Protein chains: 2
Amino acid sequence: MNYSKTYLKIINTAYKLIAENGYDKTSINNIVKEAGISKGGLYHYFKSKEELFIKVVEYIFQSFDFINIFNSSTITIDNYMDKLKNIGKMFSLIDAQDENYFKFQNEFMIQALRDENIKGILTEIYNEFMPMIENLFLHLKNIGVSLREKNIKTLSEKVFVFLDGLMIYKGFGISLDCEKLWNSFLEDLII
Amino acid sequence: MNYSKTYLKIINTAYKLIAENGYDKTSINNIVKEAGISKGGLYHYFKSKEELFIKVVEYIFQSFDFINIFNSSTITIDNYMDKLKNIGKMFSLIDAQDENYFKFQNEFMIQALRDENIKGILTEIYNEFMPMIENLFLHLKNIGVSLREKNIKTLSEKVFVFLDGLMIYKGFGISLDCEKLWNSFLEDLII
DNA sequence: GTCTATACAAAGATAGAC
DNA sequence: GTCTATCTTTGTATAGAC
């Protein structure tokens, strides 16, 4: 896509302010003031606050590569533990690259509760994400890793809940050593 | 405490509306309309919207007995697994008793991010809750339960993240079998 | 203790000039 | 494509009668 300079300035300013203060506490006035543009200018690109938020969500998530992180094609019996532990490392990596990411993600989930259009995007992401985890553990089972929980669906949901718990804490700014907790969680999964 | 009928009507209406629609989307106008009282009447009891929210939080949490759930005094080597599994049962129990509980709790955590006074209450709860989990696992270790994670602090944080992950999903209305996931999680903790 | 009426600020959104 | 000016609604909160 070919975005104009002003369009991107609005997207990035909205992203930053929503991550910092939340969707409801971020007004159109705040955004245009911070971006150094006018209200009329913003409404030229986005027909409503909701549309702007959806565009920001899409812009942010398209840059995040889930598939690569949970890709099981290169995982063998010799390297699987390292590969799994790498998932935990993404917490530090994302944090270093963009301190607002987890906060914005929390805000996105909160708004999904209250807006059907936004909930639709969350459902899409969930429907992409869940099978990736399931495939990953199915692959592990097939290459001979002994998993304590035999039911792949239960196991995947458990992993999903834990990963999301960690992400939410990151978003809340609570200082937990996510990498350490993830590694400990992983080791418990395997006999 | 001896609360007046109107006071309790306001508290309960605010609780319900905030759980359903969130703090920001719940206006004083909504509350007084739903409660069937006047705006002047509400401001007679609460000096601001923030004060009302804090009173609702305090009212709700005082009725919830954390200590009893994590009490380790009756736990022995023979009954520990059943006692631990009981913690998972609270999800269904609370749900049956009050369908708004987890939604309100999510809203409380969200607002704690944006309001220092509300964050204070969350910190208090965390500081009460964390040592209870730590004591529980210390007790288990002492009575001879073999825990895979030897570091009690890491173990407790892991449990905390998972429990909270489950609660948040409950609040989001996502249908996961929390009891099953909790049981599977528990079994992984023990050798 | 409860009400009505009102003040005041801020929100989202639009019209129309340039 | 960007601006200023303006509309309309809604929000929190207060004053003062009963």
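Note that this is a predicted model, so its numbers are computed, not measured. Below, chain A is the first sequence line, B the second, and so on; all start at residue 1.
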Pairs touching residues 131-145 of chain B that satisfy side-chain hydrogen bond (donor to acceptor under 3.5 Å, both in side chains), sequence neighbours left out: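 The answer is none; no pair qualifies.
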
Rounded to whole Å, how long is the line connecting atom [atom1] of [X] with atom [atom2] of [N]?
{"X": "Tyr45(B)", "N": "dC3(C)", "atom1": "OH", "atom2": "P", "result": "10 Å"}
{"X": "His44(A)", "N": "dC3(D)", "atom1": "NE2", "atom2": "C1'", "result": "12 Å"}
{"X": "Lys39(B)", "N": "dC8(C)", "atom1": "NZ", "atom2": "P", "result": "15 Å"}
{"X": "Lys33(A)", "N": "dC3(D)", "atom1": "NZ", "atom2": "P", "result": "16 Å"}
{"X": "Phe46(B)", "N": "dT14(D)", "atom1": "CZ", "atom2": "C1'", "result": "18 Å"}

Short side-chain N/O contact to [N] OP1/OP2 from [X], under 4.0 Å:
{"X": "Thr6(B)", "N": "dT2(C)", "value": "yes"}
{"X": "Tyr43(A)", "N": "dT14(C)", "value": "no"}
{"X": "Ser27(A)", "N": "dA11(C)", "value": "yes"}
{"X": "Asn29(B)", "N": "dG11(D)", "value": "yes"}
{"X": "Tyr7(A)", "N": "dG1(D)", "value": "no"}
{"X": "Ser38(B)", "N": "dT4(C)", "value": "no"}

Residue pair Gln111(B) / Glu107(B), side-chain donor-acceptor N/O under 3.5 Å: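 Present: a donor and an acceptor within the cut-off.
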
Global bending angle along the helix from dG1(C)-dC18(D) to dC18(C)-dG1(D), which compares the axes of five pairs at either end, to 10 degrees: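 So the angle between the two local helix axes works out to 0°.
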
Arg148(A) side chain to Leu189(A) backbone, donor-acceptor under 3.5 Å: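 Not a single qualifying donor-acceptor pair exists.
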
cation_pi(Lys153(B), Phe137(B)) dist<6.0 Å, angle<=45: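 Pair Lys153(B)/Phe137(B) does not count as cation-pi.
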
Within 45° cone and under 6.0 Å: Lys49(A) NZ/CZ vs Tyr23(A) ring: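 That pair qualifies as a cation-pi contact.
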
Step-by-step side-chain contact (heavy atoms from CB on, under 4.5 Å) determination, Met90(A) to Trp182(A): CA-CA 11 Å; Met90(A) 84 180 165; Trp182(A) 173 249; over 6 Å; no

